[in-house]
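Throughout, residue positions are numbered sequentially from 1 according to the sequence presented. These numbers come from the heavy atoms of this one structure, side chains and all, not from hydrogens, waters or symmetry mates.
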Amino acid sequence: MELGWLVCGTAVLLLLHVLMELSPAVNFALRIGFYCLLCLVSSALAAAACLLVNGGRTVKNMRIIKAVVKTFKYFFGLRFEVKGLENFEVEGPAVIVSNHQSILDMMGLMEILPDNCVQVGKKELMYTGTVGLIIYLGGVIFINRKSTSSAKIVMAEVAKTMATENLKVWVYPEGTRNCTGDLLPFKKGAFHLAVQAQVPVIPVVYSSFTTFYNPKTKLFTSGKIKVEVLPPIETKGLTSDDVTDLTDRCFGTMRETLFRLSGRPSEAKDSS
């Protein structure tokens, strides 16, 4: 009986391997399925560790979450090449902004996440099972993207919390995932927050995933991700009247860097 199960199991694994080799769609579905399962199981284990070590919701839990998620890259053959981490070493709070490409962004985030840093995310993430639980325990700040007034109130509270708890806040200014190899127009919330709190903006750029990950073509293979933390942009003395210029300046710098990291220098030149 045991031998029969072993043979059946081996046959299933071989069949899946063959299908993955022959069909990009099957390969993509299986890898995404495994990624989601890994997130759910790891979140449950990390949540237990967070509750035992820190007792509840706190940014300190991000150290545990970071240690767990940093192992994911080995399962998917992803490599990170990181430059500019010294630019995180600013005194006091800061607003960190980065491009947002896919569900794989969590791996890139945790690869370089500085201490005392929380993310701003959509409220719907709270209802994603153990993943929602772990990001709640990590201190993620949830906003209702459908309610502008609610989001403004939350961001005003964030500005106060940043100052009192000496926190850095990580925001995706595109507002949604974008796996096109370019940037979507930036929403201004992060830049209003930085100006209101009079803290620097630190841009972070990840190279395009399109060479190894593309949901439209069912591509998901191993690959290298280049990450660059750019020098802080000061906001001291700026007012709400300067937010548009600050947003545009940051967008231009990040877009040029995205093209350079992704091996598209001619487009970076054309966009300047």
Side-chain angles (χ1 to χ4, degrees), residues 58-74 78-101 104-120 138-141 158-159 161-174 183 186 190-191 193-209 223-238 242 245-265 268 271-272:
T58 170
V59 68
K60 293 178 182 179
N61 285 327
M62 277 298 171
R63 290 189 176 184
I64 297 173
I65 299 168
K66 180 178 179 179
V68 171
V69 174
K70 285 185 73 172
T71 66
F72 285 18
K73 61 190 175 188
Y74 302 113
L78 298 180
R79 293 170 292 122
F80 289 90
E81 181 182 292
V82 182
K83 293 182 179 180
L85 283 178
E86 67 277 3
N87 289 316
F88 280 147
E89 298 172 5
V90 298
E91 291 187 14
V95 173
I96 302 170
V97 294
S98 73
N99 52 322
H100 190 20
Q101 301 186 64
L104 305 183
D105 285 346
M106 181 177 63
M107 287 191 280
L109 170 68
M110 293 301 167
E111 187 70 20
I112 65 169
L113 187 76
D115 286 339
N116 295 319
C117 181
V118 296
Q119 298 80 53
V120 173
V140 169
I141 299 164
V158 172
T161 305
M162 286 174 65
T164 56
E165 299 184 20
N166 191 29
L167 293 177
K168 292 180 176 64
V169 176
W170 192 297
V171 184
Y172 295 109
E174 291 172 280
L183 293 179
F186 284 177
F191 305 97
L193 173 62
V195 169
Q196 182 177 348
Q198 292 288 280
V199 300
V201 175
I202 305 176
V204 175
V205 182
Y206 295 84
S207 61
S208 173
F209 291 0
K224 182 170 72 172
I225 302 168
K226 295 182 179 180
V227 190
E228 192 162 326
V229 183
L230 303 179
I233 301 173
E234 286 296 335
T235 65
K236 288 182 179 178
L238 299 185
D242 301 304
D245 178 67
L246 176 64
T247 304
D248 292 343
R249 185 153 51 103
C250 193
F251 177 87
T253 300
M254 289 179 65
R255 188 168 188 250
E256 182 177 347
T257 304
L258 171 63
F259 288 152
R260 174 170 54 80
L261 293 180
S262 305
R264 297 162 59 179
S271 68
S272 59

Peer 1: Mind telling me whether Y206 and W170 have parallel, tilted or perpendicular rings, with 30° and 60° as the class edges?
Peer 2: tilted

Peer 1: Can you establish whether the number of heavy atoms outside E91 located under 6.0 Å from its atom CD is more than 12?
Peer 2: no

Peer 1: Do F72 and M106 come within less than 4.5 Å of each other through their side chains, counting heavy atoms only?
Peer 2: yes

Peer 1: Taking the side chain from T235 and the backbone from V199, do they hold a donor-acceptor pair closer than 3.5 Å?
Peer 2: yes

Peer 1: Drop me the distance from S98's OG to E174's CD, to the nearest 0.5 angstrom.
Peer 2: 8.5 Å

Peer 1: Nearest 0.5 angstrom please: R79 CZ to I225 CD1, how far?
Peer 2: 10.0 Å

Peer 1: Can you give me the closest heavy-atom contact between G138 and I65, atom names plus distance?
Peer 2: CA-CD1, 4.0 Å

Peer 1: When rounded to the nearest 0.5 angstrom, what distance separates CD1 in I141 from CG in L167?
Peer 2: 7.0 Å

Peer 1: Is it the case that the side chain of S207 and the backbone of K226 share a donor-acceptor pair, with hydrogens and angles ignored and the cut-off at 3.5 Å?
Peer 2: yes

Peer 1: Less than 4.5 Å apart, any side-chain heavy atom of C117 and any of V59?
Peer 2: no

Peer 1: Please report the shortest heavy-atom distance between E111 and K66, naming the atom on each side.
Peer 2: O-CE, 4.3 Å

Peer 1: Checking the side chain of E165 only, and the main-chain atoms of M162 only, is there a donor and an acceptor separated by less than 3.5 Å?
Peer 2: no

Peer 1: How about K60: does its NZ atom have over 12 heavy atoms from other parts shown lying under 6.0 Å from it?
Peer 2: no

Peer 1: Which heavy atom of N166 sits nearest to which heavy atom of N116, and what is that distance?
Peer 2: O-CB, 3.9 Å

Peer 1: Enter the distance from R63:CZ to N61:CG here, rounded to the nearest 0.5 Å.
Peer 2: 11.0 Å

Peer 1: Heavy atoms only: give me the nearest L113-Q119 pair and the separation to one decimal.
Peer 2: CD1-NE2, 3.3 Å

Peer 1: Using atom types as modelled and distance alone, determine if a side-chain donor or acceptor of T253 lies under 3.5 Å from a backbone N or O of C250.
Peer 2: no

Peer 1: Do V227 and V204 have side-chain heavy atoms sitting under 4.5 Å apart?
Peer 2: yes

Peer 1: What verdict does the side-chain contact (heavy atoms from CB on, under 4.5 Å) test give for M62 and V118, after you've listed the backbone C-alpha separation in whole Å, the side-chain angles of each residue and the deciding distance to 0.1 Å?
Peer 2: CA-CA 8 Å; M62 277 298 171; V118 296; 5.5 Å; no

Peer 1: Checking S208 side chain against S262 main chain: does a donor-acceptor pair fall under 3.5 Å?
Peer 2: no

Peer 1: State which residues pass side-chain contact (heavy atoms from CB on, under 4.5 Å) with R249; sequence neighbours excluded, sorted by chain then number.
Peer 2: I233, D245, L246

Peer 1: Calculate, to the nearest 0.5 Å, the distance between atoms NE2 and CG belonging to H100 and L109 respectively.
Peer 2: 10.0 Å

Peer 1: Can you check whether P173 reaches F191 side chain to side chain, under 4.5 Å on heavy atoms?
Peer 2: yes

Peer 1: Give the minimum heavy-atom separation between P231 and P203, together with the two atoms involved.
Peer 2: O-CD, 3.6 Å

Peer 1: State, yes or no, whether a side-chain contact exists between F209 and D105 at a heavy-atom distance under 4.5 Å.
Peer 2: yes

Peer 1: Find the distance between CD1 (I112) and CZ (F88) and round it off to the nearest 0.5 Å.
Peer 2: 4.0 Å

Peer 1: Where is the tightest heavy-atom contact between I96 and P114, given as atom of each residue plus distance?
Peer 2: CD1-CG, 3.9 Å

Peer 1: Applying side-chain contact (heavy atoms from CB on, under 4.5 Å), can you list everything that pairs with D248, at least two apart in sequence or on another chain?
Peer 2: T244

